[in-house]
Amino acid sequence: MSNSQLPTIFDPADIEARWYSHWEKTGGFRPERPDAEPYTIVNPPPNVTGSLHIGHALDNTLQDIVIRYERLRGKDALWVVGTDHAGIATQMVVERQMEDRQDKRTNYSREEFVQKVWDWKHESGGTITNQLRRLGCSMDWSREQFTMDPHFDRAVLKTFVDLYNDGLIYRDKRLVNWDPKLKTAISDLEVDTQDMKGSFWHFRYPLEDGVTLSDGRDYIEVATTRPETMLADMAVAVHPTDDRYASVVGKHVVLPITGRRVPIVADEHADPELGSGAVKITPGHDFNDFEVGKRAGIAAGDMLNMLDGNADVCQVSDGLVPDEFIGLHRFKRDGVDGAREAVVARLKVGGFLIPHIAKTKKGEEVEHDAEPRTIATPFGDRGGVVIEPWLTDQWYVDAEKLAAKPIEQVKSGEIEIVPTTWEKTFFNWMENIQPWCISRQLWWGHRIPAWFDTDGNVFVASNEKEAQTQAGDGITLTRDSDVLDTWFSSALWPFATLGWPEENQPLLDKHFPNSLLISGFDILFFWDARMMMMGQYNMGTAPWPKLYLHGLVRAADGSKMSKSKGNVVDPLGLIDQFGADALRFFMAAMESQGRDIKMDEKRVEGYRNFATKLWNATRFCQSNDIGASSVLKAPRARLAANQWIIGEVQSVCEEIEAAMADLRFDAASNAIYQFTWSKFCDWYLELIKPVFNGEADNPAAIETRVVAGWALDQIFVMLHPFMPFITEELWHAQATHSGDKRKYDLITASWPSPRAEISKEATDAIDWVIDLTTNVRSAKNELGIPPGAKLAAFLPSASGIAASTLARSSAAIERLARLTPVTIGEAPEGPAMQVTAGSDVFIVPLEGIIDIAEEKARLEKALVASQKEAKSLEGRLSNANFVERAKPEAVEKAKADFAHHSAEVGRLEEALGRLS
RNA sequence: GGGCGUAUAGCUCAGUGGUAGAGCACUGUGUUGACAUCGCAGGGGCCGGGAGUUCAACUCUCUCUACGCCCA
């Protein structure tokens, strides 16, 4: 008998690094399987500036589980990986580094700056990809992608030009979300609205000479949270049905400060219930006002714009902003008053401010300039400053048209969203989708393929030469300086990574559409929905048939993790502490559909313990000369324990397959966990220990070594998707132990396929031994008998199972139930404890050890419980409605349960009778 | 304002139309070589409140309450 070659202590760090580089070097992530069925997942490309956070850990663990599972099942599994150039984020990182060196972007030409970003990417862009490796992700690194790769560039250009030619991309002047810090437009999705404490000011706008309201007042009261924009007011709106103002609709007010004469218009936007019912209209700096302005007949080009790209006041086209305001920031910044404060001050001095009267706690009235109010304020998600609605020319995608087909596909089930609860959210957004602003005023990104002549005519083409051809010879062209929204290029990820738009791309032919997309719900609109649109537009089909959305990983207290809160859990720290396998298993076990995951380090620790348990089980096997198996099919077995474990392997395998088919990661991981620990370690290994007490080469020991080795191997395979490192290590340790008869890696092994016929007699026998053992242990515990005590037992009348099992498995019964010898026959008179197993009642004489009163109490407790069950079932069965209307199976089950409990009651009563 | 989700053991969470499970925590205990990162045994829940459908509801429907998220 050889000893275990495994170290006593399981050290994850050592084996993780070793196996990952081995897999990568030997091509384990993408074995050659030209004839196999494809299985394809594309990884949501992390920002090239990113580092692995806990959300990545969840997202990528789930994907790796799926891809490893499908690889083991023999598919041509491809997991596409790469990074996103992340326009704004990356440009910000490089600019910040320049700032640290007292340098800035504008010290360089565009080309020089872009080169610096590339330099940064080559130097520091690999952080996250190395961290994904530490997590064990089996991606195809040999084809690592980047959204600014030359072939990606071609895909982006072609998509833009095609969409433009089809009228689905257009240039428009309208209000955009302008980030005055980053000085670029952003899309609606990149705006975070937050409730902020602010003020609500009330002003008098004087009516034009002589005009009065019906109550005689010669002014209209308007209220606003943004007084500074009154410098660009172009109207006052009242509700069409508001009688207070009916007489002045069509008349004018003369604005204080600018003296501009603006009309009073009727528009449903004005809410009669809010404030005075009249609102100032600034079409150039408010989305609602923009629409009111359009309805009032003001063209976008004529709308007044009083702010520059920094959101500092500039002169408007009618020249009416007084000089003293020019150059002020829109509002107070860094302690310096802005246009807002200046406007309020001027209006107050001029008597146009209507003070807000508040009552103190003592009931005294106090005057304030403004009413305190909570304001939903838009912030840029990257820049973090308040967004300014700003009138500019930008490029837009007609998202409404592109959304039509994906909506249909989700409705028809052509695309399945898991869990389905997200469908409503998806439809809600897609059915109300707004034009997508895709141009960004940045330097880093895909430059828009549009050229302008000196008259502002635009020519869209995939290169300058074609644009020139369109424009004609001799026309001077200037390329649009803007770049595209990062999400425009990542929307092409499922096919651009596979070779589109080049011709003859076997990889693309085979792996598009992909098989599944896994993403967090937070990028459902940013990315998933746009891939659907672009997949349909470019490829004529959905990019994948199934979309799995998982939740967020939250801090232990349920709050969102954020750097500012300081509650961020670093996945790499958890890997260092517990191992990647434990972290991965945690993610899988906690991933139930439709729920966020709360961080729980104790649980990660528990899965590290699970890995240790498996490690030690393998050490035990090796010490008994149990080695690697060489067959896929279950070995032939005669021993009941061996047949039983084969049957259990088969059923856990089916359980995992069913769970994986439904993407129930929790169910799959729990199944293999329970099987490994509770079935294999706790029972099977204990049951087979006695087999190895005899001669090493007796037939029972030989059979058991083969079966145990096989079962352990099946555990490695089934657990591998969840815990790739330890399983690969143990797989090879087992192979080494049996003299290297198996040279291939677990990562490309085959999924179990037991196909065994298991006799019911064998499984019944083991279930009976387990029942007996559990009952003996429990009785001893309650009676205070030392667990190690070996006791003689009598079985007055033995069932068939009892007789045969006692004959064949007396060693296991001695070891586990600690009953020896067991005599079939009447027990001698005297104090004894009664223990059942199935329908058998064992009598264990305990002269001098046992307190009869205690044993009686124990049996009575059990009797009461059994009687209660029996009575409840009897009640149900005596209910005619139940017997007639319930499903026949339910009635049958109730009858069987009743019979079982009645018999139990009988046995217990008999046992009690013996004691009195 | 609109939409969605969640409320089950002390904690974190599964769950099925036939009266409940896991992990951790807790209590007691430790059977001479796989494992104390362990073993064995045990306690603990009128499954958020109310109403309805049903022979039967934690499970389906409605409603209320609380919490969370998204959109406006």
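No hydrogens or angles were tested; on distance alone, a donor-acceptor pair under 3.5 Å links the side chain of A:R818 to the base of B:rU31. Looking at A:E686, its side chain comes within 3.5 Å of the base of B:rA34 through a donor and an acceptor atom.
At least one side-chain nitrogen or oxygen of A:W677 sits closer than 4.0 Å to the OP1 or OP2 atom of B:rG39. Proximity of A:K887 to the phosphate of B:rG17: no side-chain N or O atom is located under 4.0 Å from OP1 or OP2. One finds a side-chain N or O of A:N609 lying less than 4.0 angstrom from the OP1 or OP2 phosphate oxygen of B:rC38. Of the side-chain N and O atoms in A:R603, none sit less than 4.0 angstrom from OP1 or OP2 of B:rC11. When the side-chain nitrogen and oxygen atoms of A:R595 are compared with OP1 and OP2 of B:rA7, one or more of them lie within a distance under 4.0 Å. Dashed line: the shortest gap from a side-chain N or O of A:K424 to OP1 or OP2 of B:rG3 is not under 4.0 Å. Here A:T425 does not reach the OP1 or OP2 of B:rG3: none of its side-chain N or O atoms lies under 4.0 Å away.
Going from atom CG of A:N432 over to atom P of B:rC4 covers 14 Å, rounded to whole Å.
Figure legend: A:K411 and A:F427 shown as a cation-pi pair, the cationic atom lying under 6.0 angstrom from the six-membered ring centre and within 45 degrees of its axis. Because its NZ or CZ atom is both nearer than 6.0 Å to the ring centre of A:F200 and within 45° of the ring axis, A:R373 counts as a cation-pi partner of that residue.
With respect to the salt-bridge test (charged N to carboxylate O, under 4.0 angstrom), the residues A:D600 and A:K602 do not qualify.
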